[in-house]
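Before any comments, here is the structure.
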Amino acid sequence: MRRLGLVLFLVACGGSAKPASTIPANDAPDPFPTRTTVSEPTPAPPQPPASFCDNHPDPIGPFVLTASLAEMRRGLGAKTYADAPSSKQEPLEVCGPDASYQWLILATCKDGSHPIPSTMEARKSRAGNVGAGGRCGSIIDHYVVTCPEAAYDVYMDMYMCGPDESFLQKNDPPYPGS
């Protein structure tokens with residue numbers, strides 16, 4: 001009767017089932033099959049670069065970017081208007097009004113034509129500002145550019161200045177925050 005009780009106890013408690021075992025990395029049998037093997041910690045994901053918005057010496061002036069952040073500005077390297085879609089939330093990022101005009105002059109339509117040949121034409125294509133937007137809540141300018149294939153709404157954040165860039169226009173007096 002005692003044996004029957006012991007067999008019933010083992011069956012009821014799962015005594016006949018074999019415990020799951022883990023095999024250590026060296027492929028030797030684990031002397032403690034119920035032990036949980038701890039794996040190497042997962043490396044932390046790479047940290048994002050310093051924020052575009054961290055260095056803002058004057059609340060009404062430009063954000064001062066490091067060289068690496070300046071290389072990550074939206075619209076940098078785009079050749080055509082179609083290559084650089086933009087919006088109030090994700091505008092093209094340049095340093096100052098002159099850079100905005102230069103971007104508009106240098107960009108082309110898909111057929112290679114230049115709908116904005118001069119600074120005067122760039123200024124005329126400005127539809128106005130659309131209020132705060134972009135990465136840092138700057139005032140965003142809206143330009144309308146007409147190409148043979150489409151009319152493009154181009155949104156510019158001209159408050160993203162990298163090293164050795166000037167926010168000032170060529171004939172402006174010195175900026176109070178610079």
Side-chain angles (χ1 to χ4, degrees), residues 39-178:
S39 61
E40 289 295 317
T42 305
Q47 294 300 311
S51 172
F52 276 72
C53 310
D54 284 350
N55 192 0
H56 195 212
D58 186 318
I60 60 170
F63 293 88
V64 181
L65 306 178
T66 62
S68 60
L69 288 175
E71 291 175 6
M72 296 172 18
R73 290 180 286 193
R74 290 187 191 105
L76 191 66
K79 305 286 186 218
T80 70
Y81 296 103
D83 290 340
S86 62
S87 67
K88 179 181 176 181
Q89 295 77 25
E90 293 187 354
L92 306 179
E93 297 166 330
V94 297
C95 180
D98 283 343
S100 296
Y101 306 145
Q102 280 302 111
W103 194 98
L104 292 163
I105 291 167
L106 293 174
T108 65
C109 297
K110 285 183 179 180
D111 67 359
S113 63
H114 288 271
I116 299 183
S118 67
T119 300
M120 185 57 69
E121 291 301 314
R123 288 179 177 164
K124 286 181 185 178
S125 71
R126 185 175 180 272
N129 81 61
V130 293
R135 297 180 202 252
C136 304
S138 303
I139 299 300
I140 305 302
D141 287 327
H142 175 215
Y143 298 86
V144 177
V145 180
T146 304
C147 284
E149 73 272 8
Y152 293 96
D153 289 304
V154 179
Y155 296 88
M156 291 271 189
D157 181 345
M158 66 175 168
Y159 294 92
M160 296 291 175
C161 294
D164 302 322
E165 291 180 321
S166 176
F167 181 79
L168 299 173
Q169 289 182 250
K170 291 174 189 161
N171 296 316
D172 279 350
Y175 183 74
S178 59

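All residue numbers refer to positions in the sequence shown, counting from 1. Note that the structure is a prediction, hence the values are computed from the model and not measured.
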Do you know the tightest heavy-atom contact between [X] and [Y]?
{"X": "L92", "Y": "G75", "value": "CD2-CA, 3.7 Å"}
{"X": "S51", "Y": "L69", "value": "O-CD1, 3.7 Å"}
{"X": "S100", "Y": "M158", "value": "OG-CB, 3.6 Å"}
{"X": "G134", "Y": "P91", "value": "CA-CD, 3.5 Å"}
{"X": "I140", "Y": "K88", "value": "CG1-O, 3.9 Å"}
{"X": "A70", "Y": "G162", "value": "CB-CA, 3.8 Å"}

Any chance you could measure [X], atom [atom1], to [Y], atom [atom2], to the nearest 0.5 Å?
{"X": "T146", "Y": "I116", "atom1": "OG1", "atom2": "CD1", "value": "8.5 Å"}
{"X": "M160", "Y": "C53", "atom1": "CE", "atom2": "SG", "value": "5.5 Å"}
{"X": "S125", "Y": "Y101", "atom1": "OG", "atom2": "OH", "value": "9.0 Å"}
{"X": "Y155", "Y": "E90", "atom1": "OH", "atom2": "CD", "value": "13.0 Å"}
{"X": "H56", "Y": "L65", "atom1": "NE2", "atom2": "CG", "value": "10.5 Å"}
{"X": "N55", "Y": "C136", "atom1": "CG", "atom2": "SG", "value": "10.5 Å"}

inquiry  = Show, in sequence, the C-alpha distance, side-chain angles and deciding distance for R135 and D157, and conclude whether the side chain to side chain contact (heavy atoms under 4.5 Å, CB included) test is met.
reply    = CA-CA 9 Å; R135 297 180 202 252; D157 181 345; 5.8 Å; no

message = Side chains of Q102 and V94, heavy atoms from C-beta outward: is any pair under 4.5 Å?
response = no

message = Strictly distance-based, threshold 3.5 Å: is any side-chain N or O of H142 a donor or acceptor partner for the main-chain N or O of D153?
response = no

ask   = Taking only residues at least two apart or on different chains, which pairs with a member in residues 100-121 satisfy salt bridge (charged side-chain N to carboxylate O under 4.0 Å, His left out)?
value = E121-K124

ask   = What pairs meet the salt bridge (charged side-chain N to carboxylate O under 4.0 Å, His left out) rule with one or both residues in residues 64-77, with sequence neighbours excluded?
value = R73-E165, R74-E93

query = In terms of ring plane angle, is the pair W103 and Y81 parallel, tilted or perpendicular, where the classes change at 30° and 60°?
reply = perpendicular

Pairs satisfying disulfide (SG to SG under 2.5 Å), at least one member in residues 75-107, at least two apart = C95-C161

